[in-house]
Participant: 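First, the structure itself, so that you have it in front of you.
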Number of protein chains: 2
Amino acid sequence: MSIIVNNIPLTGTRADSVFDQIRTAIVRGDLAPGSKINEPQLSKHFGISRGPLREAIRRLEGCKLVEITPNVGARVVSLDARQAVEIYEIREVLEGLACGLAAQQATAQDCEQLRALLAKHEREIESEDGKVYYQKEGDLDFHYLIVALSGNARLFKLLCDELYHLLRLYRVQTSSQPSRPAQAFREHHRIVDAIEDGDAELADLLMRRHIASAKATLMQQIDEASAE
Amino acid sequence: MSIIVNNIPLTGTRADSVFDQIRTAIVRGDLAPGSKINEPQLSKHFGISRGPLREAIRRLEGCKLVEITPNVGARVVSLDARQAVEIYEIREVLEGLACGLAAQQATAQDCEQLRALLAKHEREIESEDGKVYYQKEGDLDFHYLIVALSGNARLFKLLCDELYHLLRLYRVQTSSQPSRPAQAFREHHRIVDAIEDGDAELADLLMRRHIASAKATLMQQIDEASAE
DNA sequence: ATCAAGATTATTGTCTACAATGTGCAGGCG
DNA sequence: CGCCTGCACATTGTAGACAATAATCTTGAT
C-alpha cells in the first residue's frame, strides 16, 4: 500500500520523500539559511529514523543546499552576494548555450508552445498585478522550457535541479523581488524570435544579455548596499 | 587517535574516506561502468557497515558517478557518446567563462605560473614519449589552473569536482587516448598570451575553440564508429 | 517443453542501540 | 577577574538486526 499525495503515488523511499520535503523547505525559506540541521529533531519531525534522514542530507549536499562539517553537522547554505554573482555568471553562459541549442533544434510546434507561454504571461501581466507574479513563476516557466528544448539532458538537470533552486534560495534569503518585468517580457519575445529563425548565435547572445541584465541589477543592489 | 595513511591524517569520517576510495575506483575504471554496487559486498570489502557506505553512495550520486534506483540499488554510470558530447558542450562554455575571468583577474605572477607549467609540459613532451603523458596529466593541470584563476569558486567545484571526473570516466570506459598533443600545446600558449594581455574576450574564444576541437574529435570518432 | 505462479533467497530500506566526537558549563587556579 | 581544566550533556558516526522489496529458483499445469 503506497501513500498518495496530489494524485501522484510516492514510489520512492522515505529518504527520497524527506529529501524532497527538506529541499522545498529550504528553498521556500522555512529552514533559515545558515541554520543548523539537528538530526534527532528533524527525524522526529518527519517520523523517520536518522538513517534515511542522513541519506537525504547527503543528497542535499550534492545539490549544494547544505554544507556538512564532519563530526559537527550540516547547515543550510547561506549565499552572500558574491556567491550569487558567481551563480549568475555560470547561469549566463549555460542558458546562452541552452538557448542556442534550442534555436538549432526547436520545431514549429516548440515555437508555438513558447509563444503560447508568452501570451499567457502577457494576460497575467495585464490582468491582476501580475508584475510580481510574472517574474516569480512565469519567468521560470519560460527558462525551463527553453532549457528543455535544448535537448541536452545534463544541462537541464544542472540548471533546473541545482542552480535554479540556489537562486530561489538567494531571493528568499534576501527578500529581493524581481524587477523590470516589462523589459524582461520584451526580451523574451526577441529570444523566441531568434529561436524561430533558427539563429543560434543570436539566441545565445540575447539570452546571455537577458541574464546579464539580471546580474547587473543584482550587482547594482550590492553596490548600493555597500555604499551606505 | 586518528588513522594515518600516506602521512596524511584522515580527518574525515569513514563515509568520507570510502566515498573518496569508491570515486577513485570508478574514474580509474576499477569499478566497471554499468556494474551494480552490492552493499553487503562493498561494506565487507572496506570493513565498514552499510550505514556509512550508503551515505557515501548518496554523495556519489550527487557527483553523477552512480545512479540509484529505489529498492533496486546503485549502478556505476555508463556514459554513451551522446552524453559525452553533452558534457563537452557544457564544458566548452564553462571553461570559456573561466578563461575569460582569468584574463581579467590574473596577476603577472599568475601568468608566470602558467608559463612555467607550459614549459614543464614542453620538457616532458620532448623527453620521453610524453605525448601520452601530456594530455593525460599535463592537460588537466593546465585547465585546473586556469579555472582556479577565474576566482569563481563555484565554477571551480563544478568543473573540477564533477565534470572532469565524468570525462575521465568516459575516457577510461572507451579506452580513448587523447590525440593532437602538439596542436593542443600551441593552443595553450595562445590562450596564455590572451590572458597575459588581459583580453578576456579572446581568452574566452580561444578556450572555447580549444575544447570544441576535442569535442569535434570525439564526434568524429562517433561518426566513424557508427559508419562501420 | 514452455510458461506461470509460488516459494526461496538475496538485496535494499529502516530502525534501535552504542561508540566517538564536539559543546557548554562549572569550578578551580593564576 | 579572567582563563584554563575537566566533567556532563548533546549530537554525530557507526554497527548490527529486522522488515520490505526485488530477483531467482522451483514446481506444476497446459
Side-chain angles (χ1 to χ4, degrees), chain A residues 1-5 8-23 25-26 31-63 65-78, chain B residues 1-5 8-23 25-26 31-63 65-78:
Chain A
M1 170 73 184
S2 60
I3 307 167
I4 307 282
V5 173
I8 299 164
L10 288 185
T11 167
T13 66
R14 283 172 235 263
D16 292 335
S17 165
V18 166
F19 165 76
D20 270 334
Q21 292 182 59
I22 298 180
R23 183 174 63 173
I26 290 177
L31 262 63
S35 64
K36 188 161 176 359
I37 288 182
N38 187 306
E39 291 182 7
Q41 175 189 325
L42 259 188
S43 65
K44 210 162 110 182
H45 176 262
F46 287 113
I48 62 171
S49 78
R50 284 176 48 222
L53 175 64
R54 283 171 65 86
E55 291 178 16
I57 293 173
R58 265 56 188 179
R59 291 187 54 193
L60 289 169
E61 187 196 21
C63 303
L65 286 174
V66 305
E67 285 171 349
I68 299 177
T69 311
N71 291 317
V72 174
R75 307 192 83 90
V76 179
V77 294
S78 179
Chain B
M1 173 73 183
S2 59
I3 308 166
I4 306 282
V5 174
I8 299 164
L10 289 185
T11 166
T13 66
R14 282 171 232 266
D16 292 335
S17 165
V18 166
F19 164 77
D20 270 334
Q21 292 181 61
I22 299 179
R23 182 174 64 175
I26 291 177
L31 263 64
S35 65
K36 188 160 174 1
I37 288 181
N38 186 306
E39 291 182 7
Q41 176 190 324
L42 259 188
S43 65
K44 210 164 110 181
H45 177 261
F46 287 113
I48 62 171
S49 76
R50 282 178 51 223
L53 175 65
R54 284 171 66 86
E55 292 177 16
I57 293 173
R58 264 58 189 177
R59 291 187 54 193
L60 289 169
E61 186 196 20
C63 303
L65 287 174
V66 305
E67 285 171 350
I68 299 176
T69 311
N71 291 318
V72 174
R75 306 191 84 89
V76 179
V77 294
S78 179

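Sequence lines set the chain letters: A, B, ... in the order given, protein chains first and strands last, and positions in each chain run from 1. The structure displayed is predicted, hence computed values, not measured ones.
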Participant: Nearest 0.5 Å, please: how far is CD in Glu61(B) from CD1 in Ile68(B)?
Facilitator: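 If I round to the nearest 0.5 Å, the distance is 4.0 Å.
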Participant: Using a 4.5 Å cut-off on heavy atoms from C-beta on, say whether the side chain of Pro70(A) contacts that of Asp16(B).
Facilitator: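 Contact flag for Asp16(B)/Pro70(A) side chains = yes.
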Participant: Using a cut-off of under 3.5 Å, enumerate the N/O to N/O pairs linking the protein to nucleotides 13-17 of chain C.
Facilitator:
{"residue": "dG13(C)", "atom": "OP1", "partner": "Asn71(B)", "partner atom": "N", "Å": "2.9"}
{"residue": "dG13(C)", "atom": "OP2", "partner": "Arg54(B)", "partner atom": "NH1", "Å": "2.7"}
{"residue": "dG13(C)", "atom": "OP2", "partner": "Arg54(B)", "partner atom": "NH2", "Å": "3.1"}
{"residue": "dG13(C)", "atom": "N7", "partner": "Arg50(B)", "partner atom": "NH2", "Å": "2.7"}
{"residue": "dG13(C)", "atom": "O6", "partner": "Arg50(B)", "partner atom": "NH1", "Å": "3.1"}
{"residue": "dT14(C)", "atom": "OP1", "partner": "Arg14(A)", "partner atom": "N", "Å": "2.5"}
{"residue": "dC15(C)", "atom": "OP2", "partner": "Ser49(A)", "partner atom": "N", "Å": "2.7"}
{"residue": "dC15(C)", "atom": "OP2", "partner": "Ser49(A)", "partner atom": "OG", "Å": "3.0"}

Participant: Assess the side chains of Asp20(A) and Ser17(A): does a donor N or O sit below 3.5 Å from an acceptor N or O?
Facilitator: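 Checked: Asp20(A)/Ser17(A) side chains show no N/O donor-acceptor pair below 3.5 Å.
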Participant: Which value, rounded to the nearest 0.5 Å, describes the distance between Glu67(A) atom CD and Ser78(A) atom OG?
Facilitator: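 Reported to 0.5 Å precision, the distance equals 9.0 Å.
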Participant: So do Ile22(A) and Leu65(A) actually touch side chain to side chain, heavy atoms under 4.5 Å?
Facilitator: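 With C-beta onward as the side chain, the pair stays apart.
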Participant: Could you state the atom-to-atom distance from CD1 of Ile37(A) to P of dT12(D) in whole Å?
Facilitator: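 The answer, rounded to whole Å, is 9 Å.
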Participant: Examine dT23(C): is either OP1 or OP2 under 4.0 Å from a nitrogen or oxygen in the side chain of Lys36(A)? Give yes or no.
Facilitator: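 Answer no for this pair, as no side-chain N or O of Lys36(A) is under 4.0 Å from OP1 or OP2.
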Participant: What contact category does Ile57(A) fall into here, base, sugar-phosphate, or nothing, at under 4.0 angstrom with non-hydrogen atoms?
Facilitator: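 No contact.
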Participant: So does Lys44(B) get a side-chain nitrogen or oxygen closer than 4.0 Å to the phosphate oxygens (OP1/OP2) of dT11(C)?
Facilitator: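 No, no such contact exists.
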Participant: How far does CG of Leu53(A) sit from NZ of Lys44(A), to the nearest 0.5 angstrom?
Facilitator: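 So the CG of Leu53(A) and the NZ of Lys44(A) are separated by 14.0 Å.
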Participant: Does Glu39(B) offer a backbone N or O that forms a donor-acceptor pair with the side chain of Ser43(B) under 3.5 Å?
Facilitator: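 Yes; judged by distance alone, with no hydrogens or angles, the pair exists.
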Participant: When all nucleic acid strands are considered with a 4.0 Å heavy-atom cut-off, which category describes Leu42(A): base, sugar-phosphate, or nothing?
Facilitator: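 The residue Leu42(A) makes no contact with any strand.
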Participant: Just the atom pairs and distances: protein N or O near nucleotides 6-9 of chain C's N or O, under 3.5 Å.
Facilitator:
none

Participant: Using side-chain heavy atoms (C-beta onward) and a distance below 4.5 Å, is Val77(A) in contact with Ile26(A)?
Facilitator: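 A side-chain contact under 4.5 Å is absent here.
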